[in-house]
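Worksheet for the structure shown next.
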Amino acid sequence: MRIRKAVIPAAGMGVRFLPATKAQPKEMIPIIDTPAIQFIVQEALDSGVEDILIITGRGKRAIEDHFDRSPELEEFLRAKGKTEQLELVGRIGRLADVHYIRQKEALGLGHAVLCARKFVGGEPFAVLLGDDLVRSKKPCLEQLIDLYAELPGTVLAVAEVPPEDVSKYGILDAEPVREGVYRVKDLVEKPPRDKAPSRLAVIGRYVISPSIFSILAETPPGAGGEIQLTDALRVLCREEPVYGLIFEGRRYDTGDKLGYLQATVEFALERPDLGADFRAYLKQLLKALA
Ligand code: UTP
């Protein structure tokens with residue numbers, strides 16, 4: 001079955017990015033000049049997804065405005081002869097059919113995914129989290145969808161992390177299927193280093209079987225009093241095949257301040273309009289710091 005629908009949960013409070021997130025959605029914080037969520041929507045579209053549902057909450061109106069047309073701004077830019085910017089703004093408004101649903105209370109990522117139940121119906125679907133940006137030749141989600149076409153089931157994007165970082169992630173207890181592909185037996189949420197069954201960490205890209213919804217509906221609140229997607233995936237992997245795929249690409253945790261800075265610097269270095277000047281500036285700075 002084709003993966004036609006993607007869900008982007010964006011109703012979290014963004015506590016790690018206060019005070020920036022006091023009055024604006026975390027997902028709208030830009031990497032240079034592009035809101036993080038625009039990269040995520042683009043990755044879904046580049047992976048062949050047709051319909052996108054963003055789970056929003058209170059204070060997230062800016063996300064809806066961003067993907068909407070903006071007639072006043074477009075008229076202003078047209079009148080000023082700013083054709084390049086006019087094209088840029090118009091293109092975002094035409095990017096995709098984006099749908100929205102509000103999660104009335106931030107009851108956790110699992111609860112946010114459950115809010116997509118009606119939209120998704122009975123087909124497998126993608127989930128993309130805005131905190132993880134991936135720079136890769138083939139979009140990270142497309143890599144998962146390709147594996148799904150070969151091994152139907154649920155597919156989780158995983159990255160091998162250093163031992164000191166396993167306690168920050170959901171970690172796979174899994175058996176190798178072949179190089180880079182694992183069959184998941186269980187998941188352990190944020191284990192201490194000496195209790196981790198592997199160094200394979202789940203990052204924010206998933207292809208999920210619709211069976212997850214009935215499991216989520218029965219999942220009690222877990223860590224932090226929130227309904228956890230990991231808890232439901234643990235049940236799912238006992239009932240249906242769940243795979244982990246080590247994806248190709250560089251991943252940035254933009255929900256973390258250092259990860260955000262790394263993404264900003266590395267994206268700037270790659271930009272045709274900024275890269276050369278920024279590189280020269282960094283070299284100068286490094287010399288001065290040495
Ligand atoms: P996080 O656990 O990173 O939470 O959520 P957060 O609120 O976004 O950020 P911090 O940790 O407080 O700084 C992971 C993903 O799940 C979404 C978030 O928007 C994020 O994309 N989420 C989380 C929801 O949509 N609803 C929730 O109730 C919780």
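Read the numbers this way: they start at 1 and go in the same order the structure lists the ligands and their atoms.
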Q: Report yes or no: is the cationic atom of Arg135 (NZ for Lys, CZ for Arg) under 6.0 Å from the centre of the six-membered ring of Tyr252, at an angle within 45° of the ring normal?
A: no
Q | Charged tip of Lys190 within 45° of Tyr169 ring normal and under 6.0 Å | A | no
**Q.** Residue pairs passing the salt bridge (Lys or Arg N to Asp or Glu O under 4.0 Å) test where at least one lies in residues 52-73, sequence neighbours excluded
**A.** Glu27-Lys60, Arg61-Asp65, Arg69-Glu74
**Q.** Of all pairs that satisfy salt bridge (Lys or Arg N to Asp or Glu O under 4.0 Å), the ones with a partner from residues 148-158, not counting sequence neighbours
**A.**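 As it turns out, the salt bridge (Lys or Arg N to Asp or Glu O under 4.0 Å) pairs with a partner in residues 148-158, which skip direct neighbours, are Glu150-Arg178.
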(Q) I'd like to know if the side chain of Thr264 and the backbone of Tyr260 have a donor-acceptor N/O pair within less than 3.5 Å. (A) yes
Q | side chain to side chain donor-acceptor pair (under 3.5 Å) partners of residues 106-119, not counting sequence neighbours, each pair once | A | Gln103-His111
Ligand 1 N/O to protein N/O, distances under 3.5 Å:
| unit_1 | atom_1 | unit_2 | atom_2 | d |
| --- | --- | --- | --- | --- |
| ligand 1 | 3 (O) | Arg16 | NH2 | 3.3 |
| ligand 1 | 3 (O) | Asp131 | OD2 | 3.2 |
| ligand 1 | 7 (O) | Met13 | N | 2.8 |
| ligand 1 | 7 (O) | Gly14 | N | 2.9 |
| ligand 1 | 8 (O) | Lys26 | NZ | 2.7 |
| ligand 1 | 9 (O) | Lys26 | NZ | 3.0 |
| ligand 1 | 11 (O) | Arg16 | NE | 3.1 |
| ligand 1 | 11 (O) | Arg16 | NH2 | 3.4 |
| ligand 1 | 12 (O) | Val15 | N | 2.8 |
| ligand 1 | 13 (O) | Val15 | N | 3.1 |
| ligand 1 | 13 (O) | Arg16 | N | 2.7 |
| ligand 1 | 13 (O) | Arg16 | NE | 3.2 |
| ligand 1 | 19 (O) | Ala11 | N | 3.3 |
| ligand 1 | 19 (O) | Gly12 | N | 2.9 |
| ligand 1 | 19 (O) | Glu27 | OE2 | 3.4 |
| ligand 1 | 21 (O) | Pro9 | O | 2.9 |
| ligand 1 | 25 (O) | Ala11 | N | 2.9 |
| ligand 1 | 26 (N) | Gln103 | OE1 | 2.7 |
| ligand 1 | 28 (O) | Gln103 | OE1 | 3.4 |
| ligand 1 | 28 (O) | Gln103 | NE2 | 3.3 |
| ligand 1 | 28 (O) | Leu107 | N | 3.2 |
| ligand 1 | 28 (O) | Gly108 | N | 2.7 |
| ligand 1 | 28 (O) | Gly108 | O | 3.4 |

